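This report concerns only the one structure given below.
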4 protein chains.
Amino acid sequence: MAALQKSIDKRNALINATIDLVNNDGFHATPMSKIAKMACVSPATIYLYFENKQDLVNKTYIEVKSNYTAYAFATYDESMSVEKGFEVIWKRIADFKLKESAHAMFLAQCDNTPMIDEESRQEGIKHLQPLLDLWARGKKEGIIKPLSDYMLYAYSINPLSFLMITQNRGSVKLDAKELDQAFEAAWSSIKACK
Amino acid sequence: MAALQKSIDKRNALINATIDLVNNDGFHATPMSKIAKMACVSPATIYLYFENKQDLVNKTYIEVKSNYTAYAFATYDESMSVEKGFEVIWKRIADFKLKESAHAMFLAQCDNTPMIDEESRQEGIKHLQPLLDLWARGKKEGIIKPLSDYMLYAYSINPLSFLMITQNRGSVKLDAKELDQAFEAAWSSIKACK
Amino acid sequence: MAALQKSIDKRNALINATIDLVNNDGFHATPMSKIAKMACVSPATIYLYFENKQDLVNKTYIEVKSNYTAYAFATYDESMSVEKGFEVIWKRIADFKLKESAHAMFLAQCDNTPMIDEESRQEGIKHLQPLLDLWARGKKEGIIKPLSDYMLYAYSINPLSFLMITQNRGSVKLDAKELDQAFEAAWSSIKACK
Amino acid sequence: MAALQKSIDKRNALINATIDLVNNDGFHATPMSKIAKMACVSPATIYLYFENKQDLVNKTYIEVKSNYTAYAFATYDESMSVEKGFEVIWKRIADFKLKESAHAMFLAQCDNTPMIDEESRQEGIKHLQPLLDLWARGKKEGIIKPLSDYMLYAYSINPLSFLMITQNRGSVKLDAKELDQAFEAAWSSIKACK
DNA sequence: CATGAATGAGTATTCATTCAT
DNA sequence: AATGAATGAATACTCATTCAT
């Protein structure tokens with residue numbers, strides 16, 4: 001048990017080091033040796049947990065993405081109304097992106113870069129299903145515009161990524177009032193007009 | 001004259017090769033030798049036009065960003081109404097992102113990655129001023145929601161980047177109808193409610 | 001223990017390869033890859049033992065210089081008379097320069113070239129102190145001319161470098177008789193006239 | 001004539017640039033492009049005057065060496081006594097080494113380095129003949145010790161190189177008094193004992 | 001499991017030299 | 001004669017990965 005825990009700790013240390021370093025220096029300037037050093041293990045040890053650098057970054061991506069979606073849907077319940085459900089999910093996502101910004105930055109970099117395997121990318125997308133289901137329900141009920149999921153995501157969720165990056169660069173600080181405005185904008189762009 | 005043109009051609013070939021290769025393989029997997037080969041010059045020749053790899057990618061970024069904004073505002077005129085002006089600019093931006101998708105992909109990668117110097121990033125932002133001026137006018141006239149520029153950008157412009165990337169990955173194809181929907185969503189997220 | 005010895009062996013092999021190659025081809029024509037090959041290690045291995053090429057050559061200089069002075073004073077004893085002491089040291093130096101000529105050649109090249117860091121040069125000079133002390137004693141006793149240490153070195157020790165180089169170029173062969181003449185010349189140039 | 005003069009000027013500028021740069025940075029850190037820049041010509045122009053880098057440095061060596069010997073013997077006359085002749089030559093050499101120290105430094109670097117062709121080295125030695133003749137005379141007359149020319153050079157002339165280098169490094173300043181001491185040491189090391 | 005040492009294959013960059021003008 | 005642009009062949013150095021311990 002203790003041994004297993006130590007293993008998990010090491011794996012986590014490696015994942016976290018990868019996130020930190022890739023965030024700050026970029027994938028191209030993040031050598032395995034630096035990751036090892038930050039995780040306080042030998043470079044060789046990385047290869048006990050991951051096949052190679054590509055695998056390390058793929059697995060990191062999947063893990064972070066999975067944390068992200070778990071967080072997003074943690075307080076959501078399918079019995080909620082579409083409107084309420086969307087608000088609940090949106091706010092959790094906003095929370096994650098702005099508070100766990102290191103993780104969110106890492107995802108943003110992965111999503112805009114040929115740095116992740118296509119397969120891992122697909123794997124990462126899967127977990128968004130509850131949101132897509134909610135939207136399907138919303139469209140059927142005439143509450144949500146009959147747009148493709150990509151379009152809905154582009155206008156209601158993705159802007160949060162941009163705001164998160166901007167905030168991380170120090171250009172802007174998002175407080176409660178602005179978050180409300182953001183939600184308002186998100187909702188008004190996808191809710192069906194009466 | 002002919003010599004000058006040859007120089008310009010070579011520089012352009014290098015810039016284009018950089019865009020192509022960074023788009024497909026990522027900055028980390030784009031060696032100078034490959035760029036040189038694609039541009040049909042010797043590796044050493046790159047250093048006649050750029051100081052080093054970082055400078056090459058910085059200059060490429062600034063050039064592409066500058067083309068992007070020039071394209072965005074080419075048909076815009078300050079005498080237009082806010083509503084018309086926004087539509088004109090938005091459609092040009094959409095055009096650029098979806099048709100010149102290689103350039104747009106390159107910008108997206110640069111904007112989400114520590115691959116560009118902060119200085120070059122700032123340089124790239126400058127040219128967006130006409131849009132910010134338009135928004136200022138719209139806010140004064142009560143036509144546009146009184147949101148920060150970052151917020152307006154996040155909801156009305158940035159979603160196009162997400163749609164562009166998604167289309168480039170083959171997940172979706174944006175036709176005229178969907179572009180209209182996108183514009184509708186963009187506009188409704190920033191226009192002031194009556 | 002064995003591992004440590006292997007490390008020391010490798011470091012020594014690198015130092016020796018550096019001496020050999022710099023002697024024969026000059027610093028400018030001695031690539032790291034050649035040094036590695038001669039030391040039977042990979043080029044990358046050099047960087048486990050030295051920071052870079054400059055560091056390798058600095059450290060080599062300091063090591064050789066240190067061997068040189070250790071050799072020079074090995075049989076000297078401060079209780080000796082000035083005359084005897086000088087003879088003992090001079091003969092050891094002559095021995096070193098003429099027998100360990102590869103090392104002596106390397107030092108000569110370093111001493112006449114901007115190939116070594118100033119800091120390493122200073123480090124190398126330090127160890128000559130016993131000779132300077134001997135001269136101080138000699139001057140006090142009126143046995144040695146009241147000249148600066150540089151002057152004494154120039155006339156009594158440095159000529160050996162010239163002779164060593166000339167011998168190495170094959171122009172001359174120094175046998176016992178000529179060594180005696182050389183010592184005679186050295187001594188007569190610095191001993192106080194009665 | 002004017003055209004010829006311009007050519008000579010360029011050649012001289014190249015030679016001087018070579019001396020300066022090799023003195024300050026070392027042969028290994030002196031690229032042709034830098035030499036060209038300092039001489040205010042194009043890199044390609046160097047090849048109109050010299051075959052290649054090796055040739056440039058060989059020719060520079062021969063030229064400097066030749067200036068050196070011309071200077072050394074300029075005021076010497078074979079009708080002088082051995083003692084007077086030696087003093088005259090020695091003082092001119094000292095003058096050259098300490099006043100034209102850039103040239104002297106360059107020679108010292110060449111003489112202790114495999115940076116010059118053997119052939120050019122031989123060519124450079126030739127011009128010392130008058131000194132050797134003087135010594136031959138001195139030995140016959142019993143005024144000079146019956147030592148080989150190398151030995152005489154090592155003790156009476158070469159120390160000046162060491163003193164010149166030391167002075168150039170700033171460790172010591174040779175004034176008139178010290179020059180007299182140096183001459184005294186030089187002479188006493190080679191003059192025959194009565 | 002864990003590691004530090006070792007490395008081969010690469011990478012950015014430089015440089016002596018050439019060539020079209 | 002003179003040049004600036006161009007380049008192929010190096011070169012110092014890095015890094016993902018392996019292996020003996």
Side-chain angles (χ1 to χ4, degrees), chain A residues 3-4 6-7 10-11 28-37 39-57, chain B residues 2-4 6-7 10-11 28-36 39-57, chain C residues 2-4 6-7 10-11 28-36 39-57, chain D residues 3-4 6-7 10-11 28-37 39-57:
Chain A
L4 177 60
K6 238 179 90 187
S7 267
K10 251 173 217 181
R11 207 190 112 103
H28 72 283
T30 300
M32 295 293 262
S33 56
K34 223 168 164 183
I35 295 174
K37 196 165 290 171
C40 298
V41 298
S42 157
T45 303
I46 301 183
Y47 293 85
L48 298 176
Y49 294 87
F50 304 95
E51 282 172 49
N52 50 38
K53 193 181 184 186
Q54 185 63 59
D55 184 49
L56 165 60
V57 81
Chain B
L4 177 61
K6 242 178 84 186
S7 263
K10 244 169 226 183
R11 207 189 113 103
H28 71 282
T30 300
M32 295 296 260
S33 57
K34 225 169 162 184
I35 296 175
C40 297
V41 298
S42 157
T45 303
I46 301 182
Y47 294 86
L48 295 177
Y49 293 88
F50 304 96
E51 282 174 48
N52 50 40
K53 195 180 182 184
Q54 185 64 59
D55 184 49
L56 167 60
V57 81
Chain C
L4 177 60
K6 241 177 87 185
S7 265
K10 247 170 224 184
R11 208 190 111 105
H28 71 283
T30 300
M32 295 294 262
S33 57
K34 223 166 162 184
I35 296 175
C40 297
V41 299
S42 156
T45 303
I46 301 182
Y47 295 87
L48 296 178
Y49 294 87
F50 304 95
E51 282 173 48
N52 49 40
K53 196 181 180 183
Q54 184 65 59
D55 184 49
L56 165 60
V57 81
Chain D
L4 177 60
K6 240 179 87 187
S7 266
K10 249 171 218 182
R11 208 190 111 102
H28 71 284
T30 300
M32 295 294 261
S33 57
K34 224 168 164 183
I35 296 174
K37 195 164 289 170
C40 297
V41 298
S42 157
T45 303
I46 301 183
Y47 293 85
L48 298 175
Y49 294 87
F50 303 96
E51 282 173 49
N52 50 40
K53 194 180 182 185
Q54 185 63 60
D55 184 48
L56 165 60
V57 82

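Numbers restart at 1 for each chain; the letters A, B, ... are given by sequence-line order, proteins then strands. Just so it is clear, the structure is predicted and the values come from calculations on it, not from any experiment.
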Here the distance between atom C1' of E/dA16 and atom NZ of D/Lys34, to the nearest Å, is 15 Å
To the nearest angstrom, the CD1-P distance between D/Ile46 and E/dC15 comes to 13 Å
By side-chain hydrogen bond (donor to acceptor under 3.5 Å, both in side chains), D/Asp55 pairs with (sequence neighbours left out) D/Lys59
side-chain hydrogen bond (donor to acceptor under 3.5 Å, both in side chains) filter on B/Glu51, not counting sequence neighbours, yields none
NE2 (C/His28) and OG1 (C/Thr30) are apart, to the nearest 0.5 Å, by 8.0 Å
Encoded 5' to 3' (Watson-Crick or G-U under 3.5 Å; [ ] crossing; | other strand), DNA chain F becomes .||||||||||||||||||||
Using the P atom as the reference point in each nucleotide, state the distance between E/dC1 and F/dT21 in Å, no decimals.
23 Å
Between NE2 of D/His28 and P of E/dT14 the distance, given in whole Å, is 15 Å
**Study point:** pair C/Leu48-C/Lys10: side-chain heavy atoms closer than 4.5 Å
**Key:** no
From the candidates F/dT17, E/dA16, F/dA12, the one with an atom nearest any side-chain atom of A/Lys53 is F/dT17
On a heavy-atom basis, the closest approach of D/Ala29 and D/Pro31 is O-CD, 3.3 Å
Applying salt bridge (Lys or Arg N to Asp or Glu O under 4.0 Å) to D/Lys34 and not counting sequence neighbours gives D/Asp25
Would you tabulate the nitrogen or oxygen pairs shorter than 3.5 Å linking the protein to nucleotides 3-6 of chain E?
{"from": "E/dT3", "atom 1": "OP2", "to": "A/Ser42", "atom 2": "N", "distance (Å)": "3.4"}
{"from": "E/dT3", "atom 1": "OP2", "to": "A/Thr45", "atom 2": "OG1", "distance (Å)": "2.5"}
{"from": "E/dG4", "atom 1": "N7", "to": "A/Ser42", "atom 2": "OG", "distance (Å)": "2.9"}
{"from": "E/dA6", "atom 1": "OP1", "to": "C/Lys10", "atom 2": "NZ", "distance (Å)": "2.9"}
{"from": "E/dA6", "atom 1": "OP2", "to": "C/Tyr49", "atom 2": "OH", "distance (Å)": "2.9"}

Hits for side-chain hydrogen bond (donor to acceptor under 3.5 Å, both in side chains) against D/Tyr49, two or more places apart or cross-chain, chain-then-number order -> D/Ser7
In whole angstroms, the gap separating P of F/dC15 from CG of A/Asn52 amounts to 17 Å
